[in-house]
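Input: a single structure, listed below in structure tokens.
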Amino acid sequence: MSTQGRRYYTPADLALLWSRSGGLCGFSECPVICVEPANDNDLSARVGRIAHIEGNSDRGPRANPNLSQQERNLYANLILLCATHHALVDAQANTYTVEMLRTWKTAQEARYSDFLAQAMPDITFAELVAITNVLVNGEQLPPSPITVIPPQDKIARNGLTGQSILWFNMGLLQIQQVEDYVETTGSFDRTFVGRLTSGFIGEYQQQRQAGLQGDALFAAMFRFST
């Protein structure tokens, strides 16, 4: 077993960690969002800390010598925290146990999922227009043919599981508004649909090239579109 504490997180694990947490600190009842929004001078910045539930080394906080270094750096062993609480849980590892951090992570992801469930039906037409315009005005790539696939077939083909299926189904609540907007806009801007399609295809191809698939790929695309 490795004892060096080397940190390496795959793009898939990072996509799951940030998307399922919603960028929220996992410490119980902490209100901090671990992403600083963009401003006129800079892009948005991730300011959260990735903490290990079971130690990153044999001598680290909450160490488990039976874990390989690869297992220590998997999504299942990671929790997103703000800088203050990351320092605290590692400094007081006897107080903040493995079981406690796992409970926090479950609650953190449930909190964000509940937020999405409440917010998704309330997304207005104006907000959908704003999101779509951002995607359309991004980097353009040659559009590829799109085949319409029934929702359940998409879920099966992409190997989606619990949380991804929930978000997928919530997105279907807005499908009629999206279809109406795309159809109306496309009727007087013939390049609109191609640009919108290119934005999604370009991001999808980049994430696939990075090795993402299944739930991790869905999570990355979800963050891209929101």
Side-chain angles (χ1 to χ4, degrees), residues 2-39 42-120 122 161-167 170 212 214-226:
S2 172
T3 63
Q4 299 304 310
R6 178 175 176 267
R7 294 173 182 263
Y8 172 74
Y9 312 118
T10 68
D13 286 323
L14 290 175
L16 289 173
L17 182 67
W18 281 91
S19 64
R20 290 186 171 179
S21 68
L24 302 173
C25 174
F27 192 93
S28 181
E29 299 183 0
C30 178
V32 171
I33 299 175
C34 300
V35 179
E36 191 68 23
N39 56 48
D42 291 293
L43 299 175
S44 62
R46 294 182 178 183
V47 295
R49 300 290 185 267
I50 297 174
H52 288 79
I53 296 174
E54 295 189 270
N56 189 42
S57 72
D58 290 351
R59 296 179 295 276
R62 298 172 299 278
N64 179 356
N66 294 319
L67 290 182
S68 68
Q69 194 58 48
Q70 180 180 12
E71 291 170 326
R72 290 168 178 165
N73 288 324
L74 293 176
Y75 158 77
N77 192 47
L78 305 175
I79 181 172
L80 185 66
L81 298 172
C82 67
T84 298
H85 287 132
H86 179 257
L88 176 62
V89 299
D90 280 359
Q92 297 185 338
N94 293 324
T95 300
Y96 301 105
T97 64
V98 168
E99 292 72 21
M100 186 179 292
L101 267 62
R102 284 178 175 159
T103 299
W104 287 353
K105 181 176 180 177
T106 299
Q108 174 195 51
E109 295 183 351
R111 183 167 42 141
Y112 184 56
S113 181
D114 289 344
F115 165 77
L116 288 177
Q118 295 172 16
M120 190 71 75
D122 295 331
T161 61
Q163 185 68 65
S164 297
I165 293 174
L166 174 62
W167 290 352
M170 285 193 293
L212 272 63
D215 289 334
L217 177 58
F218 182 86
M221 295 303 297
F222 183 89
R223 286 187 64 83
F224 169 71
S225 63
T226 54

Would you say Thr95 and Leu88 make side-chain contact, with heavy atoms under 4.5 Å?
no
Any side-chain heavy-atom pair from His52 and Leu78 closer than 4.5 angstrom?
yes
So which heavy atom on Leu101 is nearest to which on Ile79, and how close?
O-CD1, 3.6 Å
I'd like to know if the side chain of Arg20 reaches the main chain of Trp18, judged simply by a donor and an acceptor atom lying under 3.5 Å from each other, with no hydrogens or angles considered.
no
Spatial distance of atom CZ (Arg72) from atom OG (Ser57) [nearest 0.5 Å]
6.5 Å
Atom of Leu24, atom of Gln108 and distance for their closest heavy-atom approach
O-NE2, 2.5 Å
Sorted by chain and residue number, the salt bridge (charged side-chain N to carboxylate O under 4.0 Å, His left out) partners of Arg62 (sequence neighbours excluded) come out as Asp90
What closest approach, in Å, do Arg7 and Asn56 show between heavy atoms, and which atom pair accounts for it?
CG-ND2, 3.5 Å
Taking all atoms of both residues into account, what is the closest heavy-atom pair of Ala51 and His86, and its distance?
CB-CD2, 3.2 Å
Could you pull out the closest heavy-atom pair between Tyr8 and Asn73, with the gap in Å?
O-CB, 3.1 Å
Do the side chain of Ser19 and the main chain of Ala15 share a donor and acceptor less than 3.5 angstrom apart?
yes
When rounded to the nearest 0.5 angstrom, what is the spacing between CG in Asn64 and CD1 in Ile53?
12.0 Å
Please list, chain by chain and in numerical order, all residues satisfying side chain to side chain contact (heavy atoms under 4.5 Å, CB included) with Thr97, sequence neighbours excluded.
Glu99, Met100
To the nearest 0.5 Å, tell me how far Leu17 CG sits from Asn77 CG.
11.0 Å
Distance in Å, His85 NE2 paired with Leu80 CG, rounded so as to fall on 0.5 Å steps:
12.5 Å
What side-chain donor-acceptor pairs closer than 3.5 Å can you find for residues 25-39, not counting sequence neighbours?
| from | atom 1 | to | atom 2 | distance (Å) |
| --- | --- | --- | --- | --- |
| Asn39 | OD1 | Asn41 | N | 2.7 |
| Asn39 | OD1 | Asp42 | N | 2.7 |

